[in-house]
Amino acid sequence: MKQLKETAQKIKTMEIRGAGRIARAAAAELRDYAGRLKTDEPDEFNKKMKYAAGLLVSTRPTAVSLPNAVRWVMRYKGETVDEAKSSIKKLADEFIANSENAVRKIGEMGARRVRDGDTIMTHCNSAAATSIFASAHAQGKEINVIATESRPRMQGLITIKQLDNLGINTTLIVDSAVRYFMKEVDLVIMGADAVTVNGSVINKIGTSQLALAAHESRKNVIIAAETYKFSPRTILGELVEIEERDSGEVLSREKLGEFSNVSVKNPAFDVTPREYIDLICTEVGAIPPEMAYIIIREYLGWELGEMNSDGKEY
Ligand code: RI2
């Protein structure tokens, strides 16, 4: 229980972050938690697994990769606890391997859209987008990346470090400079936390203004997103919840306390309409956003009937 709670806390506080990474961490935690459970009673075991699943899903509401990963593992079968444990291990390991593979494939596919000499703008820190940069660079293409800081959590600093380690030329800019630099950009590549059935992309706050600026200057926007970032529940008409994080990430409580009439808003994500997106690069192919429905129905591996209708995952 202690380790389960620690993992949940690490996801909540963003010590473990990035939509793909939190999904893999949740799958691994369910596997390890199951392995640590002492009971031989299937009912008790299932109850504890459900609790763990619910706890992990509740940590961050927007990245749909998290409930998708949890749901994948929670499809386990088994008459006995031992059978259930080995089924969970198989499913979790499968999810993690598929996920790592997907990020690599997206890199290879996305790199085909990158030309030698391109300047590419990105936002926040996305493993899937970085995989494209790494792959293009490995193919010998000379690329320059313009990376935003991504306030308030400054994930842009992780991006510049990763790209620097790969030997890719990178320029760091403040988030509000995206339109100023758009004239120098050939292509925009960003990640996703969720893709809805109508092809809208939910990603780090600021993504939509970057996409809007790119649209205005007719620059292509590519979203790098594994299939498990597509949201099945949006087929049921649900909206993706946008996580509102602690105001202290923007302005310290002490500083805020100096004002009487000021409040702080800190949404972590925004929604980019499909009109501003040219292509979503998934591991099963580069698709127009309009094809999101097909990905949800054909590749996510479960039927709508399997979903709860009360809006709760577990
Ligand atoms: P990968 C991140 O969210 C960013 O919004 C990033 O674009 C997205 O997850 C996808 O990341 P956060 O966890 O899975 O920083 O491509 O809030 O790494």
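Just so it is clear, the values below take in all heavy atoms, side chains as well, and ignore hydrogens, waters and symmetry mates. Order of listing sets the numbers, starting from 1, for every ligand and every atom in it.
- Of the heavy atoms in His123, none comes closer than 4.0 Å to ligand 1.
- Residue contacts with ligand 1 include Lys229, since one of its heavy atoms falls under 4.0 Å from the ligand.
- One finds no salt bridge joining Asp32 and Lys89 here, because no Lys/Arg side-chain nitrogen approaches an Asp/Glu carboxylate oxygen to under 4.0 Å.
- Of all protein heavy atoms, the one lying nearest to atom 18 (O) of ligand 1 is Ala127 N, 2.7 Å.
- A distance of 11.5 Å separates CD1 of Ile158 from OG of Ser126, quoted to the nearest 0.5 Å.
- Within the listing of ligand 1, atoms 14 (O) sit less than 4.0 angstrom from a heavy atom of Gly20.
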* Asked: After noting the C-alpha distance and the side-chain angles of Val188 and Ile222, does the key distance pass the side-chain contact (heavy atoms from CB on, under 4.5 Å) rule?
  -> CA-CA 6 Å; Val188 173; Ile222 294 180; over 6 Å; no
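- With a 4.0 Å heavy-atom cut-off, ligand 1 is reached by the side chain of Cys124 but not by its N, CA, C or O.
- Checked against a 3.5 angstrom limit, the closest N/O atoms of Ala224 and ligand 1 fall outside it.
- When only non-hydrogen protein atoms are considered, atom 16 (O) of ligand 1 lies nearest to Ser126 OG, 2.7 Å.
- If you check which protein heavy atom lies closest to atom 10 (C) of ligand 1, you get Ala192 O, 3.4 Å.
- Comment: Lys2 engages Glu6 in a salt bridge, judged by a side-chain N to carboxylate O separation of less than 4.0 angstrom.
- For ligand 1, the polar-atom distance check against Met14 finds no nitrogen or oxygen pair separated by under 3.5 Å.
- When ring centroids are compared, Phe230 and Tyr299 stay outside the 6.0 Å threshold.
- For the residue pair Tyr51 and Asn46, no side-chain donor N or O sits within less than 3.5 Å of a side-chain acceptor on the partner.
- Side-chain contact check for Ser150 versus His123: some heavy-atom pair is nearer than 4.5 Å.
- Between Met190 and ligand 1 there is no heavy-atom distance shorter than 4.0 Å.
- Under the side-chain hydrogen bond (donor to acceptor under 3.5 Å, both in side chains) test applied with Asn125, the options Lys161, Gln162, Gln155 reduce to a single match, Gln162.
- Side-chain contact check for Asn266 and Ser247: no donor-acceptor pair (N or O, by modelled atom type) lies under 3.5 Å.
- Near Phe269, with a cut-off below 4.0 Å to any heavy atom, the atoms of ligand 1 are 3 (O), 5 (O), 17 (O).
- Using a 4.0 Å cut-off between heavy atoms, Arg60 contacts ligand 1 through its side chain alone, with no backbone atom that close.
- Scanning the protein for heavy atoms near atom 15 (O) of ligand 1, the closest one is Arg17 NE, 2.7 Å.
- Neither the backbone nor the side chain of Val103 comes within 4.0 Å of ligand 1, counting heavy atoms alone.
- Scanning the protein heavy atoms around atom 11 (O) of ligand 1, the nearest turns out to be Ala19 N, 3.5 Å.
- Under 4.0 Å from ligand 1, not a single heavy atom of Arg153 appears.
- Using a 4.5 Å heavy-atom cutoff, the side chains of Tyr293 and Arg297 are in contact.
- Here the heavy atom of the protein found nearest to atom 17 (O) of ligand 1 is Lys204 NZ, 2.6 Å.
- Annotation: cation-pi pair Lys204/Phe269 present, NZ/CZ under 6.0 Å from the ring centroid and within 45° of its normal.
- Ranking protein heavy atoms by distance to atom 5 (O) of ligand 1, first place goes to Asp193 OD1, 2.7 Å.
- If you check the side chains of Ser135 and Glu108, you find no donor sitting under 3.5 Å from an acceptor.
- At a 4.0 Å heavy-atom cut-off, ligand 1 touches Gln155 through the side chain alone.
- Distance from atom 7 (O) of ligand 1 to its nearest protein heavy atom, with residue and atom name: Asn203 OD1, 2.6 Å.
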